[in-house]
**Student:** 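I am attaching a structure below and will ask some questions about it afterwards.
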Amino acid sequence: MKNSYQQAYSLLYDHFGPQNWWPGETVFEILVGAVLTQNTNWKNVEKAISALKEHGCLDFHIMYAMDDQVLAQLIRPAGYYNLKAARLKNLLKMIAEVYHGDLRLLTEDDVDSARENLLSVKGVGPETADSILLYCCDQPVFVVDAYTHRIFSRHNLLEEETDYHTIQQTFMDNLDHDACLFNEYHALIVQVGKEYCKKSNPRCKDCPLEHLAV
DNA sequence: CACCAGGCAAGTA
DNA sequence: TACTTGCATGGT
């Protein structure tokens, strides 16, 4: 018998199909995108990533050596550009110091150590860290975002005031610890959130989850 | 015009 | 501890 969190996944997958996340050709591109997309529309992130590519700056050592102001101007379309340029540099600095600038060593590290190192970076919080663990490192870590909280609280599967860690635990307690499943599930939550669970649609009208039994 | 988007950290009381 | 504010572009 499937629980509510498994049922919700089936409903979303049947409605939207596979999402093929994370959009990005390389681990480094995904890493950069994880920072750039903080509280920002993905379309704007795409513009910033395109600019980085066009200038040949979507590379660990090149970006790490770049002037902060120049980096900030390239990622300008993603918003908060001064802040994000500094955050990217902070993240690359940690990887340079802890993982010898080798992303493979990050992806091969054990998940608890990697998470601790990521969270030690100023500008990398729980969602960004978990996104990197799941989408760069292929670790079975469930990513929670604003949509996860909003959608599942509206459908009475979470209390309104539930914090990040508790939401993450709830999903991980109720699902197989499978990176492919967590990958698809988070992407599907973002998709249903964008289409049906905006603040301007407070009842989530016509949402694929509206008749989900709790 | 107002509002929001795949957060996070720092400031205030 | 529990709120509040700054960060910023681009689409609806």
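Within every chain, numbering begins at 1; the chains are lettered A, B, ... in the order of the sequence lines, protein sequences first and strands thereafter.
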**Student:** Looking at residues 119-145 of chain A, who's got a heavy atom less than 4.0 Å off DNA chain C?
**Tutor:** none
**Student:** Hey, could you give me each pair passing ring-ring contact (aromatic ring centres under 6.0 Å, His included) that has a residue in residues 77-126 of chain A? Not counting sequence neighbours.
**Tutor:** none
**Student:** Considering only heavy atoms from C-beta outward, does the side chain of A:M94 approach that of A:L118 to under 4.5 Å?
**Tutor:** yes
**Student:** Mind running a 4.0 Å heavy-atom check of residues 176-188 of chain A against DNA chain C and sending the residues that fall below it, in number order?
**Tutor:** none
**Student:** Does any non-hydrogen side-chain atom of A:H155 lie less than 4.5 Å from one of A:C207?
**Tutor:** yes
**Student:** May I ask you to verify if any side-chain N or O of A:R150 is less than 4.0 angstrom from the OP1 or OP2 atom of B:dA5?
**Tutor:** yes
**Student:** Between the side chains of A:S113 and A:D110, is a donor N or O closer than 3.5 angstrom to an acceptor N or O?
**Tutor:** yes
**Student:** Apply side-chain contact (heavy atoms from CB on, under 4.5 Å) to residues A:L91 and A:I95 and explain how you reach the verdict.
**Tutor:** CA-CA 6 Å; A:L91 177 56; A:I95 294 169; 4.1 Å; yes
**Student:** Take atom CG of A:D163 as the centre, draw a 6.0 Å sphere, and report whether it contains more than 12 heavy atoms from other residues, nucleotides or ligands.
**Tutor:** yes
**Student:** Taking any atom under 4.0 angstrom from a heavy atom of chain A, which nucleotides of DNA chain C are the first and last to qualify, 5' to 3'?
**Tutor:** C:dC7 to C:dG11
**Student:** Please list, in numerical order, the residues of residues 68-88 of chain A that have a heavy atom closer than 4.0 Å to any atom of DNA chain C.
**Tutor:** A:R76, A:P77, A:G79, A:Y80, A:Y81, A:N82, A:L83
**Student:** How long is the span from the CG atom in A:L36 to the NZ atom in A:K47, to the nearest 0.5 Å?
**Tutor:** 14.0 Å
**Student:** Rounded to the nearest angstrom, tell me the gap between atom CD in A:Q38 and atom P in B:dA9.
**Tutor:** 8 Å
**Student:** Evaluate the side-chain proximity of A:H186 to A:Y135: yes if any heavy-atom separation is below 4.5 Å, no if none is.
**Tutor:** yes
**Student:** Is A:H15 reaching over with its side chain to a backbone N or O of A:L11, donor-acceptor style, under 3.5 angstrom?
**Tutor:** no
**Student:** Please give the distance between the P atoms of C:dT9 and B:dC1 as a whole number of Å.
**Tutor:** 16 Å
**Student:** If you take any heavy atom closer than 4.0 Å to DNA chain B, which residues from residues 40-48 of chain A end up in contact?
**Tutor:** A:T40, A:N41, A:W42
**Student:** Rounding to an integer number of Å, can you tell me how far A:Y147 OH sits from B:dG7 C1'?
**Tutor:** 13 Å
**Student:** Rounded to whole Å, please give me the gap between CG in A:D163 and P in B:dG7.
**Tutor:** 17 Å
**Student:** Can you tell me the distance, in whole Å, between the OH atom of A:Y164 and the P atom of B:dG6?
**Tutor:** 15 Å
**Student:** Any Lys/Arg nitrogen of A:E97 or A:K93 sitting under 4.0 Å from an Asp/Glu carboxylate oxygen of the other?
**Tutor:** yes
**Student:** Work out how far the P atom of B:dG6 is from that of C:dG6, and round it to whole angstrom.
**Tutor:** 23 Å
**Student:** For A:K194 and B:dC3, what is the distance between atoms NZ and P respectively, to the nearest whole Å?
**Tutor:** 22 Å
**Student:** The test is side-chain contact (heavy atoms from CB on, under 4.5 Å); show your working for A:L58 and A:E29 and say whether it passes.
**Tutor:** CA-CA 7 Å; A:L58 197 58; A:E29 182 173 341; 3.9 Å; yes
**Student:** For A:E159, does the CD atom have more than 12 heavy-atom neighbours from other residues, nucleotides or ligands under 6.0 Å away?
**Tutor:** no
**Student:** Could you grab the distance from atom CG of A:L12 to atom CG of A:L209, nearest 0.5 Å is fine?
**Tutor:** 4.5 Å
**Student:** Verify side-chain contact (heavy atoms from CB on, under 4.5 Å) between A:D130 and A:R115, making sure each step is shown before the conclusion.
**Tutor:** CA-CA 7 Å; A:D130 289 339; A:R115 191 168 199 272; 2.7 Å; yes
**Student:** Less than 6.0 Å separating the ring centroids of A:F152 and A:F171?
**Tutor:** yes
**Student:** Going by atom types alone, do A:Y64 and A:D59 pair a side-chain donor with an acceptor below 3.5 Å?
**Tutor:** no
**Student:** Taking atom C1' in both B:dC3 and C:dA8, compute the distance separating them and give it to the nearest angstrom.
**Tutor:** 14 Å
